[in-house]
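The structure appears below as structure tokens.
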Number of protein chains: 2
Amino acid sequence: MAESTRFSVAVHVLSVLGYLEQSGVKLVSSSQIAQSVNTNAVVIRNLMSALKKAKLVRSKEGKNGGLYLARKPSQISLQEIYSAVETEGVLSSHQKPHFAPCPVSRGMKKVFLNVSKEVDGAVAKVLHKKTLKDIVDQF
Amino acid sequence: MAESTRFSVAVHVLSVLGYLEQSGVKLVSSSQIAQSVNTNAVVIRNLMSALKKAKLVRSKEGKNGGLYLARKPSQISLQEIYSAVETEGVLSSHQKPHFAPCPVSRGMKKVFLNVSKEVDGAVAKVLHKKTLKDIVDQF
DNA sequence: CCATACTGTAACTATAATCGTTACAGTTAT
DNA sequence: ATAACTGTAACGATTATAGTTACAGTATGG
């Protein structure tokens, strides 16, 4: 499987919200955000669905509605964004059934999972230190 | 894009070579390895092509030929395996053209790349510490 | 020296994941 | 009421990856 770009789009989207918030804009519509990302508004709304579940954004429905950050950018870590939109870790194991006569084949899944967990932990540590504010301040 | 499983297959393949080497087996054919991974022999040979370029394995052609490790398992780090088979880092940025009027859109690529590099560095550090021997010893 | 069993690689097809689109129901402001 | 939004389902398009077929090249061993 090719790697997901959901995380990068999520960071982009939240950065737009954070950036405009600084300029006094309270609500941003999904189609405005879609313009910035250069994609379809529905793609943004689907992503927002995940970000809402993670309580990173809130929305106002109806006319003149839109999206806004649920917290201050300094209180949103990239790690939270990551886990909100990516279900799997950074390394993915192949999922073929094992070949019973081979001990390596039988044990591979478990062994790889341990490596995978360790890598995910290191990634989480890096992302935990960075907040959305750190990103927004660069614009 | 769905995430690549090339790394996990590469670790599996090299583990098979390392494991059998311990049992005195000098050469393993691509179809034997394919059985263990539960895939096609050509998939293995294509992967081996990358691993040969990285000088992690060698091959003997012709009848009774096969593949073998170029170095001892203790001298092969998971980091080397990773960079041999994965061209991109663990985080991938979306590649849409930017929307010129939006500063976030214009700057996003560069900003995300910095995060990406930092994450890749952390992953490399973890993988560098682990060798193929550490993996093989678990079987 | 020919049959056999391998590697190496190109070219093509199949499959699956993701993205994008259409459509429409629900909600709120004016 | 109408217009402008969000929310979500369903479907189609696109793309990445895996798998397959085919065959040339190479070494071994009878």
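Just so we're on the same page: letters track the sequence lines, and every chain starts at 1. The basis for the numbers below is simple: all heavy atoms, side chains too, and nothing from hydrogens, waters or symmetry mates.
Annotation: ring-ring contact (aromatic ring centres under 6.0 Å, His included) contacts of A:Phe139 (sequence neighbours excluded): none. With sequence neighbours excluded, the residues that form a salt bridge (charged side-chain N to carboxylate O under 4.0 Å, His left out) with A:Arg71 are A:Glu80. Under the rule for a side chain to side chain donor-acceptor pair (under 3.5 Å), A:Lys96 has no partner lying at least two apart in sequence or in another chain. Partners of B:Tyr19 under the ring-ring contact (aromatic ring centres under 6.0 Å, His included) rule, at least two apart in sequence or in another chain, do not exist in this structure.
The stretch residues 25-34 of chain A participates, sequence neighbours left out, in no salt bridge (Lys or Arg N to Asp or Glu O under 4.0 Å) pair at all. Under the salt bridge (Lys or Arg N to Asp or Glu O under 4.0 Å) criterion, the residue pairs touching residues 107-136 of chain B are A:Glu118-B:Lys130, A:Lys130-B:Glu118, B:Lys133-B:Asp137, with sequence neighbours excluded.
In this structure a side-chain-to-backbone donor-acceptor pair under 3.5 Å is missing from A:Thr5 to A:Ser8. In this structure, A:Ser83 contributes its side chain and A:Gln79 its backbone to a donor-acceptor pair below 3.5 Å. Panel note: side chain B:Ser31, backbone B:Ala41; no donor-acceptor pair is recorded below 3.5 Å. Counting only distance, with no hydrogens or angles, the side chain of B:Gln75 and the backbone of B:Lys72 share no donor-acceptor pair below 3.5 Å.
Distance NE2 (B:His94) to P (C:dG20): 10 Å, rounded to an integer number of Å. One atom, CZ of A:Arg58, and another, P of D:dT6, lie 17 Å apart when rounded to the nearest Å. We find that CD of A:Glu61 is positioned 13 Å from C1' of C:dA29, with the value rounded to whole Å. When the C1' atom of C:dT18 is taken as reference, atom CG of A:Leu47 falls 13 Å away, rounded to whole Å. Counting to the nearest Å, the C1' atom of C:dT18 and the CZ atom of A:Arg6 are 10 Å from each other. Distance, B:Phe7 CZ to D:dT17 C1': 18 Å, rounded to whole Å. At whole-Å resolution of the value, CD1 in B:Ile44 and P in D:dG19 are 9 Å apart. The OH-P distance, from B:Tyr68 to C:dC6, rounds to 17 Å in whole Å.
Expressed to the nearest 0.5 Å, how far CD of B:Gln35 lies from CG of B:Asn40 amounts to 12.0 Å.
For the pair B:Met108 and A:Ser15, the minimum side-chain heavy-atom distance is below 4.5 Å.
Residues of residues 29-38 of chain A having a heavy atom closer than 4.0 Å to DNA chain D, listed by number: A:Ser29, A:Ser30. Contact check of residues 9-21 of chain A against DNA chain C (heavy atom, cut-off under 4.0 Å) returns no residues at all.
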Taking only nitrogen or oxygen atoms into account, show me every contact under 3.5 Å that the protein makes with nucleotides 21-25 of chain C, one pair per line with its distance.
from	atom 1	to	atom 2	distance (Å)
C:dT21	OP2	A:Asn40	ND2	2.9

List, with names and distances, any nitrogen or oxygen atoms from the protein found under 3.5 Å away from nitrogen or oxygen atoms belonging to nucleotides 3-5 of chain C.
from	atom 1	to	atom 2	distance (Å)
C:dA5	N3	B:Lys63	N	3.3

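A:Leu113 and B:Tyr82 fall into different hydrophobic clusters, where Ile, Leu, Val, Met, Phe, Trp and Tyr residues are linked whenever their side-chain heavy atoms come under 4.5 Å apart, directly or through other members. A:Val104 is not connected to B:Val43 by any chain of hydrophobic side-chain contacts under 4.5 Å among Ile, Leu, Val, Met, Phe, Trp and Tyr, and they are in different clusters.
Of the candidates D:dA18, D:dA27, C:dG20, the closest approach to any side-chain atom of B:Lys96 belongs to C:dG20. Picking from C:dT7, C:dT9, D:dG7 the nucleotide with the shortest atom distance to the side chain of A:Leu67 gives D:dG7.
Residue B:Ser105 is tested with B:Cys102, B:Pro101, B:Pro103 for a side chain to side chain contact (heavy atoms under 4.5 Å, CB included); the sole match is B:Cys102.
The other residues sharing a hydrophobic cluster with B:Leu27 are B:Tyr68, where clustering joins ILVMFWY side chains under 4.5 Å apart.
Taken over five-pair windows at either terminus, the axes of the helix from C:dC1-D:dG30 to C:dT30-D:dA1 are inclined to one another by 0° (rounded to 10 degrees).
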